Protein chains: 2
Amino acid sequence: MKEHIAELRTLERNLYAYNYALGLMTYDEATAAPAESAEGRAEAAEVLSRAQFNTLVQPSTDALLDAAEAEADTEQEKAEVRELRISLDRIRPIPADEYAAFTRLTQESVSVWGKAKRSNDFSLFAPYLEKLIAARRRQASQIAPDRDPYEVLLDQFERGLTIERCDAFFAQLRAAIVPLLQAIADHGTPVRTDFLDQDWPIEGQRVLANKIMSLWGLDPAHCSLAESEHPFTNGFNSKDVRITTHYMPRDMLSSLYSVAHEGGHALYELNVDPSLNYTVLAGGSTMGLHESQSRLFENMVGRSRGFIHLIWPTLRTLFPAQLSGVSEEELYRAASRAEPSLIRTEADELTYGLHIMVRYELEKALFHGELSVSELPAAWNAKYKEYLGVDVPDDAHGVLQDIHWSWGEFGYFPSYALGSAYAAQAMASLAAEMDLDAMLAKGDLTPLKTALTNRLWQYGCMKEPAWLIENLCGGTFDPKYYIEYLTKKYSELYSL
Amino acid sequence: MKEHIAELRTLERNLYAYNYALGLMTYDEATAAPAESAEGRAEAAEVLSRAQFNTLVQPSTDALLDAAEAEADTEQEKAEVRELRISLDRIRPIPADEYAAFTRLTQESVSVWGKAKRSNDFSLFAPYLEKLIAARRRQASQIAPDRDPYEVLLDQFERGLTIERCDAFFAQLRAAIVPLLQAIADHGTPVRTDFLDQDWPIEGQRVLANKIMSLWGLDPAHCSLAESEHPFTNGFNSKDVRITTHYMPRDMLSSLYSVAHEGGHALYELNVDPSLNYTVLAGGSTMGLHESQSRLFENMVGRSRGFIHLIWPTLRTLFPAQLSGVSEEELYRAASRAEPSLIRTEADELTYGLHIMVRYELEKALFHGELSVSELPAAWNAKYKEYLGVDVPDDAHGVLQDIHWSWGEFGYFPSYALGSAYAAQAMASLAAEMDLDAMLAKGDLTPLKTALTNRLWQYGCMKEPAWLIENLCGGTFDPKYYIEYLTKKYSELYSL
């Protein structure tokens with residue numbers, strides 16, 4: 001009988017319960033709560049996050065961790081101690097009052113962000129953004145006083161990530177993407193897109209969303225699909241995962257690829273070993289790893305010819321008028337078209353990295369004190385002009401488009417690009433073992449899902465992120481696979 | 001500076017936060033959660049309810065209450081101490097482990113009940129019902145060892161209610177209802193009901209539901225409408241209230257009157273003085289008082305000629321084919337028809353009391369050990385035959401129809417009948433001050449809502465229930481007003 005491990009498990013179950021409650025409040029806010037209900041939610045969130053803080057940060061916690069470590073003789077037990085120590089190091093330096101006040105602030109901010117986006121009014125959100133940045137900067141300095149505050153935040157989403165590594169990664173990416181885009185502009189065979197901007201009845205889009213859920217193998221008994229302003233995934237445990245989408249009347253691909261993307265997150269959460277539930281090892285690992293799975297299912301699966309072929313009959317049945325005179329190949333090309341655009345979540349695979357770079361550079365500048373919140377919209381618009389060549393018409397389609405900052409999540413965006421790169425390398429490595437086209441021809445993704453379970457999903461947070469990245473990728477991470485993937489796909493697509 | 005009052009307020013805000021989280025889990029379970037997600041919710045609920053228990057039940061709580069009482073010099077402060085003492089007396093006698101385990105059990109039970117109802121299989125639910133009854137009986141004996149356990153539960157929903165008073169009330173009601181029903185059967189002018197059982201498109205029913213919300217004056221920014229198996233209201237605070245309904249394809253009146261009913265609950269919650277938010281005085285008082293408001297809006301308003309006249313143009317626009325050849329007066333009569341039936345929530349005003357009596361007598365027998373869970377379905381069916389003359393075709397339309405027992409709520413049902421009686425007396429008293437028909441002719445219920453705010457809503461739990469009942473009713477409570485209301489309405493309706 002390992003009494004300290006048992007005590008640790010109780011602590012972990014208590015943390016799970018607070019995470020569950022706070023996560024449910026976030027989910028409810030985005031999917032169901034009345035618009036003007038933020039005050040009472042913030043009030044409750046503050047109390048619960050303080051209780052969560054006090055559950056972990058106790059004078060006795062160090063002694064408990066030491067005692068549990070002495071008892072730990074399984075990989076899981078050792079990992080639990082390791083992850084709890086990391087959590088403790090990340091929150092103990094923050095005063096409890098500030099920790100709880102920050103949770104309250106994010107609950108208020110997300111509600112104000114929604115209003116600001118709907119009414120296209122950045123000035124509503126600006127004071128909240130200022131407070132969020134100030135609070136995160138203060139937290140970063142409390143956690144690691146000698147370190148670059150933005151790097152401290154990056155590390156919270158992608159353990160071990162540094163600004164130096166991030167800069168190098170994006171430089172490598174940019175050096176590949178920019179010439180490719182230039183080549184497409186100069187001598188690419190044009191892709192037909194005229195049919196995309198039509199009325200796509202929402203009812204048909206809903207049926208399509210459920211079809212994607214079913215192709216991914218997401219069991220509705222354990223994974224629901226709801227609607228929200230900004231699509232997201234919330235994994236409560238391996239038996240309760242929620243994804244959301246947003247239906248756009250004149251853009252059928254938007255919700256299709258949101259569901260494909262969030263469905264990838266959901267598969268990861270649903271396939272973590274259920275014996276890890278209610279421990280700190282439950283759920284997916286870093287956000288980079290999480291995004292690798294969402295981007296893999298969105299792009300490497302969802303934007304493949306094999307996938308378009310698979311859903312083509314469904315699409316033709318659901319949207320006969322809209323797709324009249326459109327060929328399967330034209331839809332494939334339209335779904336992957338490289339086209340500088342305004343909205344990250346609807347961006348193609350090639351320009352996607354540029355959307356992320358804009359955010360990465362702006363966040364860095366904000367945290368380095370080189371940019372103020374009042375200057376942010378203009379800076380955003382300038383970067384979109386510079387990197388993507390597009391004019392941002394208003395803040396709703398610009399700086400207000402993403403929910404992340406309102407959640408207080410700065411340093412998250414690079415995960416999307418890193419994840420895309422992990423995914424490309426994983427798929428290159430898996431190509432030796434399996435044939436994705438053959439799977440899609442049969443409409444059965446089981447072999448892919450089994451491989452991803454073996455390489456990544458099952459482990460939750462039991463293994464260290466670095467180990468998981470290497471295991472997923474089938475070798476040391478190298479962005480070249482991502483660049484090769486993009487180059488090959490887009491050279492073929494545009495006959496470069 | 002009243003330091004102990006301030007400390008008490010912190011305690012109250014903490015209790016609010018746990019209530020919020022646990023309430024949100026219940027709401028989510030019924031409206032959004034995946035079907036097979038009960039395990040992780042129960043796990044979290046157990047932890048949170050234990051934390052809630054420990055927030056209130058501390059060795060120091062008595063001293064705090066004494067010190068706060070010494071400081072209290074406003075009505076609100078005194079009431080906070082009073083209500084906290086009552087809460088403490090109700091949960092302190094229960095061991096913390098049992099309290100938390102019971103919360104877990106209800107989370108599991110409500111999920112199993114849903115499955116049992118959908119699959120019409122009482123045997124699924126029976127073991128949970130047994131555990132729920134055993135736990136509640138044990139709790140009652142812990143709280144008041146010398147008192148009838150069922151009466152202890154009654155008192156939790158309607159403070160001061162006794163079995164003796166309840167028996168007398170129901171006897172009085174039965175003595176009036178049974179002869180009225182007999183007279184209707186013997187020589188009532190038949191009411192036309194042939195048009196009710198048709199296809200009523202759900203989309204139209206949704207528009208109608210929103211129309212009722214708007215007529216009641218429920219601001220969607222603070223009150224949402226969702227769907228669930230069993231309609232209910234959840235008031236988180238005076239700025240965040242949720243109601244649900246259930247649309248039945250072949251019964252338009254079902255959802256209409258569910259929304260009217262839950263809308264009455266919502267009005268009460270939304271109009272409690274907002275300065276009481278996050279204290280123990282927030283929200284409506286007893287369940288009898290709560291049901292008085294829901295039943296008032298469902299029946300005295302919603303089943304009046306004036307209301308039918310008001311929504312008639314909307315109904316004709318939404319359902320032109322279904323209402324072709326139907327007159328406004330025929331709809332009025334159909335909506336109030338006295339017709340022995342199977343389902344409580346769809347029962348007419350006259351037979352409604354009999355549905356409640358069935359449950360009251362069965363609960364009493366269960367808690368007095370005179371009836372076992374295995375005997376319950378047969379006993380239910382026998383009582384429905386005896387009191388309402390109907391044959392229950394299956395348990396889904398019988399003993400499994402209501403959600404309350406799965407929530408562990410025994411002793412709740414009498415509140416519905418008492419509430420109906422409070423409502424009738426209140427309306428009789430208000431008739432001197434205002435003209436409901438004139439209000440409905442103008443489509444503006446403000447004078448009624450103002451009067452109810454003045455008499456009841458604003459107070460939350462600041463006043464004692466007995467004071468509120470008398471203030472609402474405009475005098476000492478007397479069931480005769482309810483009986484007079486029913487007698488008058490049904491004598492006229494059936495030309496007795």
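The chains referred to below are lettered A, B, ... by the order of the sequence lines, with proteins before strands, and numbering in each begins at 1. Every value quoted in this text rests on a predicted model; they were computed, and no experiment measured them.
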Legend entry - Interchain contact, B:Arg50 with chain A, by part (heavy-atom threshold 4.5 Å):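 The answer is neither part of B:Arg50.
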Legend entry - Side chain, backbone, both or neither of B:Asn14 within contact of chain A (heavy atoms, under 4.5 Å):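 Both parts, backbone and side chain.
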Legend entry - NZ/A:Lys449: more than 12 non-hydrogen atoms of other groups inside 6.0 Å: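 Yes, because the 6.0 Å sphere around NZ of A:Lys449 holds more than 12 heavy atoms from other groups.
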Inset, instruction - Tell me, out of A:Tyr18, A:Tyr16, A:Tyr20, who's got the most heavy-atom pairs with chain B below 4.5 Å. - result: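 The option with the most such pairs is A:Tyr20.
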Legend entry - Residues of residues 27-40 of chain A with any heavy atom under 4.5 Å of a heavy atom in chain B: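 The residues closer than 4.5 Å to chain B, in numerical order, are A:Tyr27, A:Asp28, A:Ala32, A:Ala33, A:Pro34, A:Ala35, A:Glu36, A:Ser37, A:Glu39, A:Gly40.
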Legend entry - Interface moiety of A:Arg242 toward chain B, non-hydrogen atoms closer than 4.5 Å: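 Answer is side chain: those atoms of A:Arg242 sit under 4.5 Å from chain B.
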Inset, instruction - Please look at A:Tyr278 and chain B and tell me whether the side chain, the backbone, both or neither of the residue comes under 4.5 angstrom of a heavy atom of that chain. - result: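 Only the side chain of A:Tyr278 comes within 4.5 Å of chain B.
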Inset, instruction - Work out which heavy atom in B:Arg13 is nearest to a heavy atom in A:Val47; give both atom names and the distance. - result: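 Heavy atoms only, the tightest pair is O-CG2, 4.0 Å.
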